[in-house]
Amino acid sequence: MDFAFDARTEELRSRLLAFMDEHVYPAEQVAEEQRARLASPWDTPAVVGELKAEARRQGLWNLFLPDAEYGAGLTNLQYAPLAEITGRSPHLAPTATNCAAPDTGNMEVLFQFATDEQKKQWLEPLLAGEIRSAFAMTEPDVASSDATNIETRMIRDGDDYVINGRKWYISGAMNPDCAVFIVMGKTDPDGEDIRRQQSMILVPRDTPGVEVRRAMRVYGYEDHSHGGHAEVVFHDVRVPAANLIGEEGGGFAIAQARLGPGRIHHCMRLIGIAERTIELMCRRAVARTAFGKPLAAQGVVQNWIADARVTVEQLRLLVLKTAWLMDTVGNKGAHTEIQAIKIATPRAVVDILDSAVQLYGAGGVSQDFPLAELWASARTLRLADGPDEVHQRSLARREIKKYL
C-alpha cells in the first residue's frame with residue numbers, strides 16, 4: 001500500500017481545504033444565527049444553499065460516489081482524506097458537498113439496485129441536491145441490531161404493496177426537503193430463510209398513511225443540521241409494486257451492501273472531528289492559565305494531547321488500509337477491517353472529545369463550544385450502523401473460526 005496521496009487526491013484536498021477556510025468555517029456561526037430566526041427549526045438556513053452552490057461550482061460535489069457518470073469517480077482511498085476534511089465541520093461541510101448521510105447511502109443503493117425509472121425519479125434529484133431522503137429500518141419494539149427482527153409488514157396486494165409498521169431514529173426525516181423514504185420491511189415474514197424475508201421499497205413522503213410523528217432527541221439534542229431523527233409510522237401505506245428496489249427478498253443483502261461504505265464514511269469523518277478537537281485542545285491549552293502556569297505546561301494536559309495525536313494517527317492508518325482493501329479486494333474481502341474501524345474509531349474519538357471537555361471545563365459541556373454536541377454525535381455512532389457488540393461478535397467469530 002502506497003501511503004502517499006495521488007495527484008488527483010492532492011489537488012482535491014487543496015481545493016477542499018481552501019473551500020473550508022474561505023466558506024465553511026465562516027458560515028458556521030451564520031448558520032446558527034439564521035436557524036434561530038427560521039419559522040421551523042427543521043428548515044434549512046439560507047447559507048447552506050449558498051455553500052452547496054459554491055461547492056458545486058468548484059467541482060466539490062458528490063465526491064463519495066465512485067461512478068464517474070453519477071459522482072466524482074473516486075476510489076475509497078482517494079475519498080478518505082476528503083471525507084476527513086469535511087468531518088472537521090460535520091454539520092455543514094458534508095451537506096455542502098452533497099456527501100451527507102443518509103443521502104449518500106441511499107444514493108449508493110439507488111445507483112446499484114434501482115431501475116432506470118427509479119433512478120430518474122429519485123437518484124437524479126438527490127445527486128443534484130434538489131431533494132433529501134431517509135432510510136427507514138430501525139424499529140423501537142424490537143432489537144434492530146438484528147435486522148431479521150424487524151416487524152414492519154409490506155404485503156403485496158395486486159399491483160401495490162401495503163405497508164404497516166413503526167420506525168424510529170429515521171435520520172433526515174424531519175427535514176422538509178426529505179421527499180422519499182427507503183423502507184425496509186418483511187414481504188415474506190414466514191419464509192424459511194430469515195435473510196430472505198425482507199425487502200426494500202421507495203415510499204414518497206407525501207403518500208397517504210405516512211406519519212412523521214416526532215423528532216427523537218440524541219443526548220438531548222434535536223440535531224437540526226442532520227435533518228433530525230424521527231419516529232415515523234406507516235399505516236396502510238399503499239405504493240406501487242414498481243417501487244420495490246431490486247427483487248423481493250433482497251432487502252437484507254441490499255442493507256449489507258449499503259452499510260459497508262456508510263461505516264467507513266462515518267469513520268473518515270470522525271477522524272476529521274478528532275483533528276479539529278486536537279486543534280481546539282491546543283488553542284485552549286495555550287490561552288488559559290491555572291495554578292500559576294499555562295494549561296499547556298500541565299503534565300496531564302500534555303498527556304491528553306499526546307495520546308490524542310497517537311490515537312488519530314493509528315485510526316487514520318487503519319481507515320486508509322480498509323479503504324485500500326475495499327478498492328482492491330471488495331467490501332467482502334475487507335469485512336474484518338470494516339468491522340475493526342467501526343469498533344475502534346467512534347470509541348477512540350469519544351475518548352479524545354472527553355479529554356477536550358475536561359480541558360474546557362464548564363465551557364466543554366456548554367452550548368458556547370462545539371464539544372458537547374460533537375461528543376453526543378460520536379457516542380451515537382457506537383450504535384449507528386450496528387452497535388459495537390454486533391461487530392465484535394462477528395469479528396471474533398471470524399478469528400476463532402481459523403482455529404476450528
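All values derive from a computational prediction rather than experimental measurement.
Minimum interatomic distance between A274 and V349 (heavy atoms only, all atoms of both residues): CB-CG2, 4.1 Å. Taking every heavy atom of both residues into account, Q198 and T148 meet most closely at NE2-CA, 3.4 Å. Between L295 and V301, the shortest heavy-atom contact is O-CB, 3.3 Å. Nearest heavy atom pair, residue I170 against residue A136, reads CD1-CA, 3.6 Å. Across D160 and P240, no two heavy atoms sit closer than the pair OD1-CA, 3.5 Å. Between W42 and G228, the closest heavy-atom pair is CZ3-CA, 3.4 Å.
The neighbour count for K321 NZ, taken as heavy atoms of other residues, nucleotides or ligands under 6.0 Å away, does not exceed 12. By the 6.0 Å contact criterion, CZ on R35 is enclosed, its count of non-hydrogen atoms from other residues, nucleotides or ligands being greater than 12. At most 12 heavy atoms of other shown residues, nucleotides or ligands fall within 6.0 angstrom of atom CZ in R283. Counting heavy atoms of neighbouring residues, nucleotides and ligands inside a 6.0 Å radius, atom CZ of R398 exceeds 12 of them. Open room surrounds CG on D159; 12 or fewer heavy atoms of other groups in view lie less than 6.0 Å from it. Within a 6.0 Å sphere centred on CD of E130, heavy atoms belonging to other residues, nucleotides or ligands number more than 12.
Between Y79 and F64, the two ring planes are perpendicular [angle over 60°; tilted spans 30° to 60°]. The aromatic rings of F19 and H23 lie tilted to each other, with the angle between the two planes from 30° to 60°.
The OG1 atom of T322 sits 11.0 Å away from atom CD of Q339, with the distance rounded to the nearest 0.5 Å. Of the inter-residue distances, the one linking I131 atom CD1 with D103 atom CG reads 8.0 Å to the nearest 0.5 angstrom. Rounded to the nearest 0.5 angstrom, T152 OG1 and I201 CD1 are separated by 12.5 Å. Taken from CD1 in I85 to CG in L17, the straight-line distance is 4.0 Å, to the nearest 0.5 Å. The CE atom of M184 sits 9.5 Å away from the CD atom of E139 when rounded to the nearest 0.5 Å. Distance check, rounded to the nearest 0.5 Å: CE of M154 to OG of S199 gives 5.0 Å.
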**OP:** Given salt bridge (Lys or Arg N to Asp or Glu O under 4.0 Å), test R8 with E11 step by step and report yes or no.
**Re:** CA-CA 5 Å; R8 188 175 185 205; E11 189 261 339; 5.7 Å; no

**OP:** Begin with the C-alpha distance, continue with both residues' side-chain angles, and end with the deciding distance and a verdict on side-chain contact (heavy atoms from CB on, under 4.5 Å) for I182 and I254.
**Re:** CA-CA 11 Å; I182 294 179; I254 294 173; over 6 Å; no

Original post:
Under the side-chain contact (heavy atoms from CB on, under 4.5 Å) criterion, do L63 and L74 qualify, and how do the steps go?
Top reply: CA-CA 7 Å; L63 300 171; L74 302 176; 4.3 Å; yes

Original post:
Stepwise, does the side-chain contact (heavy atoms from CB on, under 4.5 Å) test hold for E275 with R309?
Top reply: CA-CA 8 Å; E275 283 286 6; R309 171 51 57 204; 3.0 Å; yes

**OP:** Give the intermediate values and the outcome of salt bridge (Lys or Arg N to Asp or Glu O under 4.0 Å) for residues K120 and E117.
**Re:** CA-CA 5 Å; K120 184 172 183 60; E117 292 77 12; over 6 Å; no

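Using a cut-off of 4.0 Å between Lys/Arg side-chain N and Asp/Glu carboxylate O, E222 and R214 are scored as not salt-bridged. Salt bridge annotation for E279-R276: absent, with no cationic side-chain nitrogen under 4.0 angstrom from a carboxylate oxygen. Under the 4.0 Å criterion applied to side-chain N and carboxylate O atoms, R37 and E33 are not assigned as salt-bridge partners. For R316 and E313, the salt-bridge test passes: some basic side-chain N is under 4.0 Å from an acidic carboxylate O. Note on D188 versus R196: no salt bridge recorded, every NZ/NE/NH1/NH2 to OD/OE distance being 4.0 Å or above. In summary, K342 and D385 do not engage in a salt bridge, as defined by a charged side-chain N under 4.0 Å from a carboxylate O. Note on R393 versus E389: no salt bridge recorded, every NZ/NE/NH1/NH2 to OD/OE distance being 4.0 Å or above.
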Would you be so kind as to tabulate the donor-acceptor pairs closer than 3.5 Å made by side chains of residues 351-364, with sequence neighbours excluded?
| residue | atom | partner | partner atom | Å |
| --- | --- | --- | --- | --- |
| S355 | OG | D351 | O | 3.3 |
| Y360 | OH | L280 | O | 2.8 |

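The closest side-chain heavy-atom distance from V350 to W375 is below 4.5 Å. Between V286 and P294 the shortest side-chain heavy-atom distance does not fall below 4.5 Å. Looking at N98 and M107, their side chains come closer than 4.5 Å, going by heavy atoms from C-beta outward. Residues T187 and Q197 have side chains not in contact (no heavy-atom distance under 4.5 Å, counting atoms from C-beta outward). Taking 4.5 Å as the limit, every side-chain heavy atom of E247 sits out of range of all side-chain heavy atoms of F113. Side-chain contact check for M174 versus V212: some heavy-atom pair is nearer than 4.5 Å. Two residues are said to be in side-chain contact when any heavy atoms from C-beta on lie closer than 4.5 Å; I341 and L315 fail this criterion. Considering only heavy atoms from C-beta on, I338 comes within 4.5 Å of M326 through its side chain.
Within the 3.5 Å criterion, the main-chain N or O of D223 finds no donor-acceptor partner in the side chain of H229. With N62 contributing its side chain and G71 its backbone, the two residues share no donor-acceptor pair below 3.5 Å.
Evaluation of the side-chain contact (heavy atoms from CB on, under 4.5 Å) rule for A372 yields Y221 as partners, not counting sequence neighbours. With sequence neighbours excluded, no residue forms a side chain to side chain donor-acceptor pair (under 3.5 Å) with Q121.
None of E248, R238, R153 except one satisfies the side chain to side chain donor-acceptor pair (under 3.5 Å) rule with Y161; the exception is E248.
When only modelled atom types and interatomic distance are considered, N106 and R258 share a side-chain donor-acceptor pair under 3.5 Å.
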